[in-house]
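Structure first, commentary second.
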Amino acid sequence: MIAAEVSEVKPDGLAHKNGIRAGDKIISINGKKLRDILDYELATADEVLNVELERDGEHRHIKIDNPHLLGLGIYFSTSLFDGIKTCANKCVFCFIDQLPPGMREAVYVKDDDYRLSFLYGNFVTLTNMNNEDIDRIIEDRISPLYISLHATNPQLRLMMLGRKKKDKTLVYLQRLSDAGIEIHIQMVMCPGLNDKDELERSIKELSSDYPNVGSVGLVPVGLTGYRDGLYPLRSFEKQEIIELIEQVERWQKRLERQKGEPWIYIADEFYIAAGRKLPTIAHYGEFPQIENGIGLSSLFIDEAEHGIEQLKAVASKNKHEQRTTKAVKQAQTEQGQKTGQVGHTGKALPRIALVTGELFAGILEVIAHDIHQITGIAIDVIPVENKYFGGKVNVTGLLTGTDIVSSARRMFLEHGVPDILVVPDVVLNADGLMLDGYSPERAAYELGVEVRVFGSSGEGFIEGFMEVIEN
């Protein structure tokens, strides 16, 4: 029996007032079975709610009057009451197949659930779906959806997905697009497979045949050091990346005229690896694929540059206060008076070390230099080599505590121990732990240094420095 288990009830909410409590299992509302949080939201949008639930093995019925269509104040242990739909593909580029052993079990789950696509922006393949799923998406307006396609050539896509039988992906994609469902496409680019002529075909067909595809994002294949027995893939060479960028830029100019936007976007990693200047934030519009690492660096830079103006004002104020304090101390000394320690503006500024992935290190060094010029704070950037995953993994979000501690120790030997080690919040899961189970507190203990967590956005990054210089 499918049931929605209540994990928490908001005090004084409608559910609480009508006797629903944590641990109850909601079976239906107004006779409608609940498969997921989407069903729940639709079912509760009514003035009278007849709730069927199970408590301690007994069935109960509760009537709730809801004339103002308020939320019930119920929280659930999961968004998917009937379980997660997993991936049955054997993609040649699958990152999960390349994970090192010994990680938490949840990391190895291959989700491929269209509901998570809508709720959290996860990319799905549509290969485990049926016509009933498509009907529900269209009827309930579950939009936008994020879809991993990789190629419009049916044979190539089947090969890349590791499927032997035909799938209905393009049929479903057409139905969704024709029904007005907003769609964003991801293509994991693998050199020698879906680039060059195949990419040309995919862009042409997607841009002309599927009117509600809102964007296409190209991301590089991620290769770890755990690929034994897997399809022989390689990373793009620099010249290949340059050619890819130039190919896409030709399409962007054409599509800008047709659609009023570039429409097809390239992951930041491609620009950085090719030594090309990143586009400005205006290029990305509403950042339709920022969770894919597309436009994230440009946004970080823009937010950091705006935040640096605030740092200038705070630093200028502090310098004024320091000069005033110095003048007071000098006057007191001349009068032969003994003085104690001055306030926070007279303290020496701390030395800071910033942890980042190798890919982003160059960008962070430029920003760190600007912050140093303004504030006087000595800043080291630690590009952490990702030995845990190995291969070509160089992004910050996949750093582990093991590698952070190892890289930090090497830099400490060369430059001395800083006052503060900063790790970005993107390396932490929802439980506050890194992928290998390290906590910031454990890293601090092993390194013998204060560890602080800064926001991964440019705004959050500058806010972290604001706290440093103000306290």
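Any value given below was found using the heavy atoms of this structure, including those in side chains, with hydrogens, waters and symmetry copies removed.
A donor-acceptor contact closer than 3.5 angstrom is absent between the side chains of E291 and Y146.
Taking the six-membered ring where the residue is Trp, the centroids of H184 and F123 are separated by 6.0 Å or more. Here Y40 and F76 bring their ring centres to under 6.0 angstrom of each other.
A distance-only check finds a donor-acceptor pair linking the side chain of Q98 to the backbone of T224 [under 3.5 Å]. Checking side-chain atoms of Q252 against main-chain N and O of I264 turns up a donor-acceptor pair under 3.5 Å. Side chain of D436 to main chain of G401: a donor-acceptor pair is present (N/O by atom type, distance under 3.5 Å, no hydrogens or angles). Remark: the backbone N or O of R21 is paired with a side-chain donor or acceptor of D24 at under 3.5 angstrom. The backbone N or O of L433 lies less than 3.5 Å from a partner atom in the side chain of D431, making a donor-acceptor pair. No donor-acceptor distance shorter than 3.5 angstrom exists from the side chain of D425 to the backbone of V453, with no hydrogens or angles considered. Judged by distance alone, the side chain of D403 and the main-chain N or O of V384 form no donor-acceptor pair under 3.5 Å. Within the 3.5 Å criterion, the main-chain N or O of V9 finds no donor-acceptor partner in the side chain of H16.
Residues L49 and N18 are not in side-chain contact: their nearest non-hydrogen atoms beyond the backbone lie 4.5 Å or more apart. A heavy-atom distance below 4.5 Å is found between the side chains of F93 and L233. Residues P418 and D380 fail the side-chain proximity criterion, which asks for heavy atoms closer than 4.5 Å.
One finds no salt bridge joining K392 and E269 here, because no Lys/Arg side-chain nitrogen approaches an Asp/Glu carboxylate oxygen to under 4.0 Å. Using a 4.0 Å cut-off between charged nitrogen and carboxylate oxygen, K253 and E256 do not count as a salt-bridge pair.
Between F360 and F300, the ring-plane angle classifies as perpendicular under the 30° and 60° cut-offs.
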message = One pair to check against side-chain contact (heavy atoms from CB on, under 4.5 Å): F461 and L354. What are the steps and the verdict?
response = CA-CA 10 Å; F461 182 71; L354 304 174; 3.7 Å; yes
CA sep, side-chain torsions, deciding dist, call: E358, E385, side-chain contact (heavy atoms from CB on, under 4.5 Å) = CA-CA 6 Å; E358 293 177 307; E385 180 184 359; 3.9 Å; yes
ask   = Could you walk me through whether I29 and D39 pass the side-chain contact (heavy atoms from CB on, under 4.5 Å) check?
value = CA-CA 9 Å; I29 297 178; D39 277 343; over 6 Å; no
ask   = Can E249 and R276 be said to form a side-chain contact (heavy atoms from CB on, under 4.5 Å), step by step?
value = CA-CA 13 Å; E249 285 178 340; R276 293 284 295 269; 2.9 Å; yes
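The side chain to side chain contact (heavy atoms under 4.5 Å, CB included) test with I181 is passed by exactly one of V213, N212, I137, L173: I137. The side chain to side chain contact (heavy atoms under 4.5 Å, CB included) test with R351 is passed by exactly one of D419, V417, I377: D419.
Residues forming a side-chain contact (heavy atoms from CB on, under 4.5 Å) with E459 (at least two apart in sequence, or on another chain): E303, S457, E463. By the side-chain contact (heavy atoms from CB on, under 4.5 Å) test, R250 pairs with E246, Q247, sequence neighbours left out.
Within the structure, the side chain to side chain donor-acceptor pair (under 3.5 Å) test picks out the following pairs touching residues 108-120 (sequence neighbours left out): D36-R115, S79-Y120, D82-R115, D97-K110, D111-N122, D112-T125, D113-R115, Y114-R136.
Crowding of K259 atom NZ: a count of heavy atoms from other residues, nucleotides or ligands under 6.0 Å exceeding 12. Summarising the local packing, CD of Q239 is surrounded by more than 12 heavy atoms from other residues, nucleotides or ligands at distances under 6.0 Å. In this structure, H415 places its NE2 atom where more than 12 heavy-atom neighbours from other residues, nucleotides or ligands lie under 6.0 Å away.
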